[in-house]
Amino acid sequence: MRPLHARPGTVTLAAGLLGALLCGCSEPGGLQDAGPARPPTALTGPVYAVEGPGKPSLRRPASFEAGESVRLTGLRWLSWGGPTAEATGEASGGWCLPACRDRSYPAKVTFVGLVRKDRSAYYGRAVVVVDGIPPGQHNELRDLRLFVPQQTPR
């Protein structure tokens, strides 16, 4: 292998061309911060929530089983279809036994974590805040995983 020898004029020309190429891609005055990233494009298809495998996709459900131990009823949706969906209603189930077995409690429900699938999306998480229960029982309701189907039905 032979060593590479370049003439001084060739090195200067190459450095000048490289500098012009790099400077030609920037704004006059250098790079500038354009602010925060733009939000993702708006979803144009429907948004659903699903109780579990084999269950139908629901929009603004009046009742919803969030996991095996949380039953939400009387849901009145304040918003739906955006990054979050918010409702008020009642919560009952095995998460606060024995108190919740025969009684439901006022609750605020928030669905979050949109997962896009083809031309629609599904909420992937729920947060339920229940009035009138001891603080320790809220922990189970702070991050409920919702079922998201692998593919949308055709």
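All figures in this text were calculated on a predicted structure; none of them were measured in a lab.
The backbone N or O of L114 sits nowhere less than 3.5 Å from a side-chain atom of R116 that would complete a donor-acceptor pair.
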Pairs under 3.5 angstrom only: tabulate donor-acceptor contacts from the side chains of residues 77-87 to other protein residues two or more places apart or in another chain.
residue, atom, partner, partner atom, Å
W77, NE1, P61, O, 2.7
S79, OG, E86, N, 3.1
W80, NE1, V47, O, 3.0

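Considering every non-hydrogen atom in both G89 and L75, the closest pair reads CA-CD2, 4.2 Å. The shortest non-hydrogen separation linking S63 to E51 is O-OE2, 4.1 Å. Closest non-hydrogen pair, R71 versus E65, comes out as CD-OE2, 2.6 Å. The two residues V127 and R142 make their nearest non-hydrogen contact at CG2-O, 3.1 Å. Contact between L72 and A66 at its shortest, heavy atoms only, is CD1-CB, 4.4 Å.
With sequence neighbours excluded, the residues satisfying side chain to side chain donor-acceptor pair (under 3.5 Å) with E90 are S104. By the side-chain contact (heavy atoms from CB on, under 4.5 Å) test, R145 pairs with R125, sequence neighbours left out. Judged as a side-chain contact (heavy atoms from CB on, under 4.5 Å), and not counting sequence neighbours, the contacts of F147 are V50, P53, P149. Under the side-chain contact (heavy atoms from CB on, under 4.5 Å) criterion, V130 pairs with A91, W95, Y105, A107, V128, I133, H138, L141, not counting sequence neighbours.
Residue Y48 is tested with Y123, F64, Y122 for a ring pair (Phe, Tyr, Trp, His ring centres under 6.0 Å); the sole match is Y122.
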